[in-house]
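Presented below is the structure to which this report refers.
Since we're looking at a predicted model, the values are computed, not measured. Chain identifiers are assigned alphabetically (A, B, ...) following the order of the sequence lines, protein sequences preceding nucleic acid strands; residue numbering begins at 1 within each chain.
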Amino acid sequence: MIRLSHHLTDPLIRSNPVTLQILGICSALAVTTALATALTMAAALIFVLCASAAIISAIRRHIPHAIRLILQITIIATLVIVTDEVLRAYAFEISQRLSIFVGLIVTNCIVLGRAEGFAMHHPVGPSILDALGNALGYGLVLVVVATIRELLGTGRLLGIPMLPLTEQGGWFEPLRLMQLAPSAFFIIGLMIWAIRTARPEQVERPEHRLLSRQGEARP
Amino acid sequence: MAETRGPWARFLARPNEDPVKALGMAGLVALGAALTVSTTATLLEPRQATNLEAARAARMQAMIEALPGLREVMEEAGVTELQSRLVDLETGRVLPDEVMAFDPERVARDPGTGIELPPEADIAGIGRRERVAVIHLLERDGALALVVLPMRGAGYQSTIHALLALEPDLDTVAALTVTEQGETPGLGAQIERADWQALWPGRRIADDSGTIRIEVVRGTAATPYEVDGISGATRTGNGVTAMLRFWMGPWGYGPFLDSLAGEGAG
């Protein structure tokens, strides 16, 4: 079990799908204006990613190579539709606020990426752990970004007032920018910077290097 | 050994490059997906319908709140909600029957309670229309203060449902509320926004000769019959225009509004 647990813990920070692989950015921008939508989206992705990894891993030996992507997408799309239907039945108000972004989980690169890159070649157990780890890594970024955006943008968290607003006689003036899409880019960018400063091995090697006069690559 | 295995095991044992296996796996996955999706949709449909109905009622309530002074009028008149009536759309007569919650689209689909619209009349693109519609009235001291007419029409990619509230002159818009739509998020879906719907109060449906002129225009409105369009959502705007023109015309609430106006004069 200890041997397997790195599948779960690695994607949380070290190889986080959002901050290292820059995947799933579209929905990370769209659903992070409020913490409630970010949590719902994270839960939806956890379900879809784990279930698709389990199913695809279970039938991986019988998936013909030529049609594997179509089969993976079909399975993922089915799970996404089920999730969307369940949300519309049991969490109607929040599903209205998430609008199309639950449906767009189908095109979230993390899901297909883990199916194609991991679940196709590994047994069910590790596949589920890997899926859960990646989904939690994505959820972690979403929750951090949404917390910052909702708190600084509206002075609330989960709709509960946290900071006293100036219009009610307090000292906090909401930063409207935080409710707009660019702020998510700024926050994710700062997070990537912070992580790569702490872990320099994540910084990409430059593609081209200038030769120094001695004909050796500069360090 | 090979003879003892069932057809299932023989199928699974085929190499993955085999066309039978490829087609078979595609079919099996598609079948599983179809069964899962249809089962979920069928099981959850009643709950979702309840949610949509509650949302519709909430929007109706929101429209009442948004109409200037309506809340006070209602309090004065001692009513907490609008009165609903059944109207025969063909004759324009109000029916005495009790109003139950009903889904106009389902009623329109039923051959017994709905009619097929002739293509030239069906400008709103709804295909079929119910014979009897539910409308909502607000009466004050025995006089009509507001008429609320539910309507629907084809937008760009969905059916738009709306409530139109008319002033007692049956021509001036008191409010328009979109109750349900599935237009493009960020473009056509903006018809659901309060700031767009706030453009409607005070607009006029028809000119003095009785010709229906109301229109969602591209760009900025110039006359009392025009409402600013949403850029990037021309076809949604056209859908709203067609919906209003259909339902205010002879195939929609025209006969009912005529009979109301006649009553007022008499």
Item to check | Heavy-atom donor-acceptor pair, B:Asn16 side chain to A:His65 backbone, under 3.5 Å | outcome: no

Checklist entry - To the nearest 0.5 Å, what is the distance between CG (B:Leu52) and CZ (A:Phe92)? => result 4.5 Å

Checklist outcome for this item: Cut-off 4.5 Å, heavy atoms of chain B, and the answer for A:Gln96 is side chain

Item to check | Contact winner vs chain B - A:Thr74, A:Leu79, A:Val82, A:Ile81, heavy-atom pairs under 4.5 Å | outcome: A:Val82

Checklist entry - Say you draw a straight line from CZ of B:Arg47 to CZ of A:Arg88; how long is it, rounded to the nearest 0.5 Å? => result 14.0 Å

Checklist entry - Any side-chain heavy atom of A:His62 sitting closer than 4.5 Å to one from B:Leu12? => result yes

Checklist entry - Does CD1 belonging to A:Ile70 count more than 12 external heavy atoms closer than 6.0 Å? => result no

Checklist outcome for this item: Residues A:Ile67 and B:Ala26: closest non-hydrogen pair is CD1-CB, 4.0 Å

Next on the checklist: So for A:Leu71, is it side chain, backbone, both, or neither that comes closer than 4.5 Å to the heavy atoms of chain B?
Outcome noted: both

Checklist entry - Just one of B:Thr36, B:Leu35, B:Val29 clears the side-chain contact (heavy atoms from CB on, under 4.5 Å) bar with A:Thr78, so which one? => result B:Thr36

Checklist entry - Would one find more than 12 heavy atoms of other residues, nucleotides or ligands at under 6.0 Å from atom OH of B:Tyr156? => result no

Item to check | Greater than 12 external heavy atoms within 6.0 Å of B:Arg218's CZ | outcome: no

Checklist entry - So, for A:Pro64 and B:Ala22, which heavy atoms are closest and what is the spacing to 0.1 Å? => result CG-CA, 3.5 Å

Checklist entry - Say you draw a straight line from CG of A:Asp84 to OG1 of B:Thr40; how long is it, rounded to the nearest 0.5 Å? => result 11.0 Å

